[in-house]
Student: 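Take this structure, written in structure tokens, and hold onto it; I'll ask about it next.
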Amino acid sequence: MRRSDSDYFPGMFPAQQPVQRLGLGLAALGRPAYINVGRADVLPVQRTAQAMRERTRTVLDAAYANGIRWVDTARSYGSAEQFLAEWLRERGHQDVTVSSKWGYAYVAQWRIETEVHEVKEHSVERLRTQWAETRTLLGDRIDLYQVHSLTTGSPLFEDLALQHELARIRDAGVLLGFSTSGAAQGDTIESAWEIEVGGRQLFGAVQSTWNTLEPSVGRYLAEAHTGGWRVLVKETLANGRLAVDPPPAMAKIADRHGVGTDAIALAHVLRQPWAGVVLMGAASVEQLESNLAACRVELTDRDIDALRPLARDAATYWGERAELPWR
């Protein structure tokens, strides 16, 4: 590692402010189309590459000004890595932790209407290609490199050559992790925990979906945290659904606290002691500022009791997510 542990992972110690545990994800900013509800209405009318570059820069500036020091991106987020690299060079910020992912390739060619937006492949060839692309753009700024959307069916679990290729990146000082999706996130975490290369665990971080509607992976994330892994939480607003169409019970809690339901959803994630980095997916400064209101929310036991019944069956939740259109 090129920094001390506390610098390498800002906010890794318990005596931290809520904002130090927040990060900005670039899935909604690096490409013209995505599945997040409530995103299209706040983006520029013409989502050209230049317009999205400017929007990304504006949101990054606002996030940094508000104390955000973690940015998460991916090779498949369109031009997100490029936009982030340009912003880092222009602003000169050295205190921003950067995580990215490999495994999906962006193939939409900046089209909003297209049959396929990204193609997944967990192979040595894809890793070598995308790691080289990431390094070309971001150099040594990558602190955490993640397998994008690992599942128990991924060939990674049987591909020893791929595991050893990943270990080369790990041994060069980059923390390795993976993101999870689907109703069996916990099974994936358990399987990945067992992978060792060179007498050491291959991975040291996990990024999973946990939110008020889909908390099923919580026990596994708590165990990973206890075991020393860094835990990142994504899709904290259920791809915007908790902000745009929240359950009435959540809306009542938001009214009591004088904030939006997005802030309540984020505060619910921040309430989890194992959640090291809680990612926001804001597509505008206004969305970001609304999200940041979570930092001043202190949920009561009564609030938590009211939120608990909102959890959906995991299979139902992921089935609904699969139906969200790219726009």
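None of the values given here were measured: they were computed from a predicted structure.
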Student: For Arg327, is the CZ atom crowded, meaning more than 12 foreign heavy atoms sit under 6.0 Å from it?
Tutor: no

Student: If you count every heavy atom of other residues, nucleotides or ligands that lies below 6.0 Å from Arg168 atom CZ, does the total exceed 12?
Tutor: no

Student: Can any side-chain N or O of Gln163 pair as donor or acceptor with the backbone N or O of Leu156 at less than 3.5 Å?
Tutor: yes

Student: Is there a side-chain contact between Leu26 and Leu84 (heavy atoms, below 4.5 Å)?
Tutor: yes

Student: Using a cut-off of 6.0 Å, state whether more than 12 heavy atoms not belonging to Lys120 lie near its atom NZ.
Tutor: yes

Student: Can you confirm whether more than 12 heavy atoms, excluding those of Arg91, are under 6.0 Å from its CZ atom?
Tutor: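 More than 12 heavy atoms, drawn from other residues, nucleotides or ligands, come within 6.0 Å of this atom.
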
Student: Taking Gln82 for its side chain and Leu137 for its backbone only, find out whether a donor-acceptor pair lies under 3.5 Å.
Tutor: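 A pair under 3.5 Å: no.
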
Student: Which heavy atom of Ile142 sits nearest a heavy atom of Trp131, and at what distance?
Tutor: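 Where Ile142 meets Trp131 most closely, the heavy atoms are CG2-CZ3, 4.1 Å.
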
Student: Are the charged groups of Asp305 and Arg308 less than 4.0 angstrom apart, N to O?
Tutor: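 Salt bridge between Asp305 and Arg308, a charged N being under 4.0 Å from a carboxylate O: yes.
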
Student: Considering non-hydrogen atoms only, spot the tightest contact between Val59 and Ala282 and give its length.
Tutor: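 What the structure gives for the nearest pair is CG1-O, 4.2 Å.
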
Student: For Arg39 versus Arg47, what's the shortest heavy-atom pair and its separation?
Tutor: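 Nearest heavy atoms, Arg39 then Arg47: NH1-NH1, 3.7 Å.
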
Student: Does the pair Asp301/Arg271 count as a salt bridge with the N-to-O cut at 4.0 Å?
Tutor: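 Yes, this pair counts.
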
Student: Of all heavy-atom pairs between Arg75 and Thr134, which one has the smallest distance, and what is that distance?
Tutor: CD-OG1, 3.1 Å

Student: Go through it in stages, so that I can follow the logic: the residues are Tyr145 and Leu127, the test is side chain to side chain contact (heavy atoms under 4.5 Å, CB included), and I'd like the CA-CA distance, side-chain angles, deciding distance and then a yes or no.
Tutor: CA-CA 11 Å; Tyr145 208 49; Leu127 171 61; 4.2 Å; yes

Student: Testing Gln272, Lys234, Glu235 for side chain to side chain contact (heavy atoms under 4.5 Å, CB included) with Trp210, which one passes?
Tutor: Gln272

Student: Would you say that more than 12 heavy atoms from the other residues, nucleotides or ligands in this model lie under 6.0 Å from the CD of Glu298, or not?
Tutor: no

Student: How long is the span from the OH atom in Tyr77 to the NZ atom in Lys101, to the nearest 0.5 Å?
Tutor: 3.0 Å

Student: Passes side chain to side chain donor-acceptor pair (under 3.5 Å), His122 versus Asp159? Steps please.
Tutor: CA-CA 9 Å; His122 290 165; Asp159 191 337; over 6 Å; no

Student: Among Leu24, Leu88, Asp143, which residue meets the side chain to side chain contact (heavy atoms under 4.5 Å, CB included) test with Val96?
Tutor: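 Answer to the side chain to side chain contact (heavy atoms under 4.5 Å, CB included) test with Val96 among Leu24, Leu88, Asp143: Leu88.
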
Student: Under a plain distance cut-off of 3.5 Å, with no hydrogens placed, do Thr58 and Asp61 share a side-chain donor-acceptor pair?
Tutor: no

Student: With the 4.5 Å side-chain cut-off for hydrophobic clustering, are Ile169 and Leu138 part of the same group?
Tutor: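 Yes, it is one cluster - the side chains of Ile169 and Leu138 are joined through contacts under 4.5 Å.
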
Student: Does any N or O in the side chain of Thr114 come within less than 3.5 Å of the main-chain N or O of His117, such that one atom is a donor and the other an acceptor?
Tutor: no

Student: Counting distance only, does the side-chain N/O of Thr261 pair as donor-acceptor with the main-chain N or O of Leu242 below 3.5 Å?
Tutor: yes

Student: So, taking the atom named OH in Tyr104 and the one named CZ in Arg126, what distance separates them when rounded to the nearest 0.5 Å?
Tutor: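 Interatomic distance, Tyr104 OH to Arg126 CZ, rounded to 0.5 Å: 10.5 Å.
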
Student: Has Asn291 got a side-chain atom pairing as donor or acceptor with Gln287's backbone, closer than 3.5 angstrom?
Tutor: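 Indeed, once roles are kept as given, a pair shorter than 3.5 Å links the two residues.
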
Student: What verdict does the side chain to side chain contact (heavy atoms under 4.5 Å, CB included) test give for Trp102 and Thr129, after you've listed the backbone C-alpha separation in whole Å, the side-chain angles of each residue and the deciding distance to 0.1 Å?
Tutor: CA-CA 9 Å; Trp102 72 276; Thr129 297; over 6 Å; no

Student: Quick check for you: to the nearest 0.5 Å, what is the distance between Gln207 atom CD and Arg230 atom CZ?
Tutor: 12.0 Å

Student: For Arg141 and Ala85, indicate whether the former's side chain and the latter's backbone hold a donor-acceptor pair under 3.5 Å.
Tutor: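 No.
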
Student: So that I can tick it off, tell me whether Arg128 and Glu125 are bridged by a salt bridge, with the cut-off set at under 4.0 angstrom between side-chain N and carboxylate O.
Tutor: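 Looking at Arg128 together with Glu125, the answer is no, because their closest N to O distance does not fall below 4.0 Å.
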
Student: Answer yes or no: is there an ion pair linking Arg321 with Glu214, defined by an N-O contact shorter than 4.0 Å?
Tutor: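 Not counted as a salt bridge, because no side-chain N and carboxylate O are separated by less than 4.0 Å.
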
Student: Kindly indicate, with the supporting measurements, whether the criterion side chain to side chain contact (heavy atoms under 4.5 Å, CB included) is fulfilled by Tyr64 and Arg69.
Tutor: CA-CA 6 Å; Tyr64 189 88; Arg69 295 294 184 270; 3.3 Å; yes

Student: Is any side-chain heavy atom of Tyr220 closer than 4.5 Å to a side-chain heavy atom of Val206?
Tutor: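 Not in contact.
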
Student: Ser290 side chain to Glu286 main-chain N or O, any donor-acceptor pair under 3.5 Å?
Tutor: no

Student: Do you see a donor-acceptor pair shorter than 3.5 Å between the side chains of Trp229 and Gln201?
Tutor: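 Trp229 vs Gln201: donor-acceptor pair found between side chains.
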
Student: Got a second to check how far Ser100's OG is from Arg135's CZ, nearest 0.5 Å?
Tutor: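 One gets 12.5 Å once the value is rounded to the nearest 0.5 Å.
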
Student: How long is the straight-line distance from CD of Glu118 back to OG of Ser149, given to the nearest 0.5 Å?
Tutor: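 Going from OG on Ser149 over to CD on Glu118, the span is 8.5 Å.
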
Student: According to a hydrophobic-cluster definition based on side-chain heavy atoms being under 4.5 Å apart (Ile, Leu, Val, Met, Phe, Trp, Tyr only), do Val217 and Trp193 belong together?
Tutor: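 They do share one cluster, since a chain of ILVMFWY contacts under 4.5 Å joins Val217 to Trp193.
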
Student: Give me the atom names and distance for the closest heavy-atom approach of Ala294 to Leu266.
Tutor: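 Closest pair (atom of Ala294, atom of Leu266, distance): CB-CB, 3.6 Å.
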
Student: Answer yes or no: is there a donor N or O on one side and an acceptor on the other, between the side chain of His268 and the main chain of Ile264, under 3.5 Å?
Tutor: no

Student: Under 3.5 Å, side chain of Asp255 to main-chain N/O of Lys252, donor-acceptor pair present?
Tutor: no

Student: Show the numbers, then the answer: is there a side chain to side chain donor-acceptor pair (under 3.5 Å) between Thr152 and Asp187?
Tutor: CA-CA 7 Å; Thr152 54; Asp187 293 340; over 6 Å; no

Student: Kindly say whether Ser79 contributes a backbone atom to a donor-acceptor pair with the side chain of Arg31 at under 3.5 angstrom?
Tutor: no

Student: Distance from Ile68 atom CD1 to Leu22 atom CG, nearest 0.5 Å?
Tutor: 4.5 Å

Student: With a 4.5 Å heavy-atom cut-off, do Met280 and Leu237 have their side chains touching?
Tutor: no

Student: Go through the side-chain N and O atoms of Ser123 and Glu121 and say whether any donor and acceptor fall under 3.5 Å apart.
Tutor: yes

Student: Considering non-hydrogen atoms only, spot the tightest contact between Phe83 and Ala49 and give its length.
Tutor: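 Nearest pair, atom of Phe83 first, then Ala49: CZ-O, 3.6 Å.
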
